Amino acid sequence: MEYPKYVKVNDSDLMMALRQGMRPMMTWFDTSRRNLPYFYNYIEGKRYGNSHHESYSAVHTMGRWWDALVNASYITGEAVPEEIYENLRYWAFHIFDNKTGMPANLDLNTFKAVPLCDLHNLREALYAFTSMIKKNPADNQAKEMALHLIRMVDTYADFETGGWKTKQYENDCGGKVMCGASDSSEIYRFSSTLGRYIGALVRLYREWPLPQALSQAIRLTKTCFRVMLREDGGFDADLFAKHIHSTTSTISGVAMLGDLLHDRQILDRVRSFFENGFHEIALDFGWCLENAKRPDDLVGEINNTCDLMEACLCLGRAGYPEYYDMADRMIRGHVLPSQLLDVSWLPDEATKDPATDRFASRMRGAFGFPCPYGHEYEPGSPISFNWDIVGGGVSGLCQAYGHITSYKEGMADINLLFDMEDSSIRFRSPYEHKGDAEIMLKQPFCVRIRLHRGIQEEPLTAALNRQKIRWDIIDSWLYLYDLPLSVPVQFPMKYVPARVLYQFRDHGFYVRYEGNRITGMDCPGKRLCFFPELSEKNGKEQLI
């Protein structure tokens with residue numbers, strides 16, 4: 001394959017990204033194994049194609065696809081064929097159909113269940129049943145299984161230490177447990193097992209207000225504060241996990257609980273992490289290290305980014321608007337550009353193998369392990385788009401879409417600057433429309449729009465004055481009063497270009513911004529890059 005220097009990317013169209021992200025989740029099933037979803041995906045080398053994992057194919061991929069497809073379908077209006085849901089449902093129940101009563105691993109030679117439960121799958125298993133309930137609130141089978149899983153955790157989790165009562169479980173259930181995301185030095189790490197499951201409990205409670213779900217989420221969060229997420233907010237791989245997605249999904253789950261309960265003490269603990277430990281694993285435009293055991297490279301993971309973005313959304317809704325700005329930057333600067341939309345460089349031959357057939361066409365819309373600047377760390381590095389990650393990416397964008405606007409006390413807030421329309425308001429983003437924003441009210445509201453710190457205020461306020469629109473700017477919000485109904489109002493929202501030097505471990509590189517849009521990045525010698533390469537280190541932009 002010939003790899004181009006640049007790939008075409010999307011950094012603004014959230015709806016298109018959701019639609020494209022749904023596509024691969026409706027096709028990458030192994031027709032030779034009762035339509036078992038694939039887990040691994042490699043686009044080159046000896047591992048080219050798709051393959052299975054003993055526990056993650058049937059649980060990780062399945063659960064996240066349930067979550068992403070149901071939510072994305074509601075937002076986009078795109079129908080998911082019922083046979084896709086039926087297939088995912090089969091695997092959700094099938095993995096529990098064993099003597100242990102917990103999700104079982106598969107023997108990859110026979111594809112039969114073995115009495116071994118990977119605790120890393122607790123989150124994804126509950127995602128599946130939650131999504132079934134969202135799709136059909138009268139789904140009593142899904143409710144029974146969700147409650148069963150909660151009871152199993154109540155019985156065998158040690159809420160004091162965050163561990164698992166392994167011997168008791170093995171004696172009672174006749175099976176063994178493992179944690180595939182932990183190595184021998186961090187067996188059954190809290191964040192890799194029970195911590196990451198907190199957010200699944202919160203999502204379940206929002207769909208089905210089950211007291212047991214809320215109680216368990218609160219008790220596990222107290223455990224998290226005791227054993228992992230300390231008041232100083234620091235990141236310690238010996239307390240968290242070297243598998244960074246376990247860390248970020250725990251942070252996201254705790255933030256979701258704080259958001260649900262409107263509990264500032266919980267959210268302030270999350271905020272402390274962003275002020276301290278975050279910088280050990282991530283950069284503010286969203287790139288996040290895939291694994292702390294990787295000492296040198298810049299391979300990231302979109303699951304991690306979306307977890308951190310979701311936590312920022314919770315903090316933004318709690319009254320910290322700078323975190324809405326950070327979430328906007330993460331979506332626009334990393335999540336959207338990293339989606340595989342340009343597949344022109346991939347093979348697309350028809351084959352008889354479901355793991356490679358029409359490869360490029362079926363890959364479009366995937367998310368994977370991006371570097372800050374592109375799909376490939378350096379020429380010759382492995383490139384993969386594991387299928388659980390497309391679920392995580394689409395799920396995160398669904399969460400973001402729900403935060404673009406919010407309403408309270410006669411006020412409409414535009415929190416994230418992406419195009420949207422509902423029964424109350426239509427907003428057109430300046431990033432999509434040549435620097436001009438547009439609002440059209442369908443119902444009377446005062447409107448406030450979150451402003452990026454690099455906004456050019458003078459042309460904005462001059463345009464508002466010419467249109468005789470009353471306005472105020474307070475902190476990072478533009479307030480607009482008495483806007484006419486059913487009449488589009490336009491005004492410029494342009495930004496002072498800025499160049500930022502980022503340093504992570506032994507790496508340093510410049511990024512050029514206009515607002516939260518990245519317009520250039522250092523990427524010498526790299527291929528499959530998202531942004532134009534910067535040619536000068538000291539341009540006319542403001543250096544910050």
Side-chain angles (χ1 to χ4, degrees), residues 60 63-64 67 118-127 153 157-164 179-182 186-205 213-214 216-261 263 265-282 288-292 301-315 388-389 392 395-396 399:
H60 243 57
R64 292 196 203 169
D67 174 68
D118 189 339
L119 297 175
H120 194 59
N121 282 322
L122 294 174
R123 173 182 186 251
E124 281 69 21
L126 192 57
Y127 269 15
V153 171
D158 185 329
F159 289 86
E160 184 63 31
T161 66
W164 190 259
C179 182
S182 298
E186 46 182 25
I187 298 242
Y188 313 135
R189 185 60 57 85
F190 175 78
S191 63
S192 298
T193 56
L194 295 163
R196 55 187 281 112
Y197 162 78
I198 294 170
L201 290 165
V202 176
R203 290 193 183 193
L204 174 65
Y205 187 80
L214 180 60
Q216 195 169 88
I218 290 172
R219 285 179 290 136
L220 287 174
T221 297
K222 291 169 67 176
T223 306
C224 178
F225 289 173
R226 190 161 49 247
V227 305
M228 174 182 154
L229 187 56
R230 305 294 174 79
E231 288 186 10
D232 65 6
F235 173 78
D236 182 341
D238 291 331
L239 293 177
F240 287 68
K242 293 178 181 178
H243 178 255
I244 300 299
H245 182 236
S246 294
T247 291
T248 60
S249 54
T250 301
I251 296 295
S252 172
V254 170
M256 288 180 186
L257 180 65
D259 181 48
L260 174 71
L261 301 178
D263 190 316
Q265 286 188 314
I266 293 176
L267 291 169
D268 282 346
R269 188 75 67 101
V270 174
R271 190 169 172 233
S272 181
F273 174 81
F274 273 91
E275 292 175 349
N276 296 286
F278 171 88
H279 304 287
E280 298 294 319
I281 60 172
C288 181
L289 188 67
E290 187 264 337
N291 198 310
E301 182 176 336
I302 282 302
N303 277 327
N304 307 1
T305 300
C306 285
D307 288 333
L308 295 170
M309 178 266 290
E310 290 170 6
C312 286
L313 295 173
C314 294
L315 291 172
D388 65 322
I389 297 178
S395 179
Q399 294 291 317

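Only a predicted model underlies this, so the values are computations on that prediction, with no experimental measurement involved. The basis for the numbers below is simple: all heavy atoms, side chains too, and nothing from hydrogens, waters or symmetry mates.
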Calculate, to the nearest 0.5 Å, the distance between atoms [atom1] and [atom2] belonging to [X] and [Y] respectively.
{"X": "Leu214", "Y": "Arg219", "atom1": "CG", "atom2": "CZ", "value": "10.0 Å"}
{"X": "Ser395", "Y": "Ile302", "atom1": "OG", "atom2": "CD1", "value": "13.0 Å"}
{"X": "Thr223", "Y": "Leu229", "atom1": "OG1", "atom2": "CG", "value": "12.5 Å"}
{"X": "Arg226", "Y": "Phe190", "atom1": "CZ", "atom2": "CZ", "value": "9.0 Å"}
{"X": "Thr305", "Y": "Glu310", "atom1": "OG1", "atom2": "CD", "value": "11.0 Å"}
{"X": "Lys242", "Y": "Ser191", "atom1": "NZ", "atom2": "OG", "value": "12.5 Å"}

So which heavy atom on [X] is nearest to which on [Y], and how close?
{"X": "Leu126", "Y": "Tyr197", "value": "CD2-CE1, 3.7 Å"}
{"X": "Ile281", "Y": "Phe273", "value": "CD1-CZ, 4.0 Å"}
{"X": "Glu301", "Y": "Ile389", "value": "CG-CD1, 3.8 Å"}
{"X": "Val202", "Y": "Ala217", "value": "CG2-CB, 4.4 Å"}
{"X": "Leu315", "Y": "Leu267", "value": "CD2-O, 3.5 Å"}
{"X": "Tyr127", "Y": "Gly63", "value": "CB-O, 3.7 Å"}

Residue of the set Thr250, Thr248, Thr247 for which side chain to side chain donor-acceptor pair (under 3.5 Å) holds with Asp307: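 Of all the options given, the one that passes is Thr248.
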
Student check: side-chain heavy atoms of [X] and [Y] closer than 4.5 Å:
{"X": "Glu290", "Y": "Ile244", "value": "no"}
{"X": "Cys314", "Y": "Val270", "value": "no"}
{"X": "Ile266", "Y": "Phe225", "value": "yes"}
{"X": "Met228", "Y": "Arg189", "value": "no"}
{"X": "Asp232", "Y": "Asn276", "value": "no"}
{"X": "Glu275", "Y": "Arg271", "value": "yes"}

Non-neighbouring partners of Thr193 that pass side-chain contact (heavy atoms from CB on, under 4.5 Å), sequence neighbours left out: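 Applying side-chain contact (heavy atoms from CB on, under 4.5 Å) to Thr193 gives Leu119, Cys179.
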
Test item: Ser252 side-chain N/O and Ala311 main-chain N/O as donor-acceptor pair under 3.5 Å: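 No, Ser252 side chain to Ala311 backbone: no donor-acceptor pair under 3.5 Å.
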
His120 backbone acceptor or donor facing Arg196 side chain under 3.5 Å: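 Between the backbone of His120 and the side chain of Arg196 there is a qualifying donor-acceptor contact (under 3.5 Å).
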
Basic-acidic side-chain contact under 4.0 Å: Asp388, Arg123: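 Looking at Asp388 and Arg123, the cut-off is not met.
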
Which residues share a side chain to side chain donor-acceptor pair (under 3.5 Å) with [X], sequence neighbours left out:
{"X": "His243", "result": "Ser246"}
{"X": "Thr221", "result": "none"}
{"X": "Asn304", "result": "none"}

Working for side-chain contact (heavy atoms from CB on, under 4.5 Å), residues Asp118 and His60: CA-CA 10 Å; Asp118 189 339; His60 243 57; over 6 Å; no

Phe278: partners by ring-ring contact (aromatic ring centres under 6.0 Å, His included), with sequence neighbours left out: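 For Phe278, the residues satisfying ring-ring contact (aromatic ring centres under 6.0 Å, His included) (neighbours in sequence not counted) are Phe274.
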
Show me, pair by pair, the donor-acceptor contacts under 3.5 angstrom made by side chains of residues 234-241, not counting sequence neighbours?
unit_1	atom_1	unit_2	atom_2	d
Asp236	OD1	Asp238	N	2.8

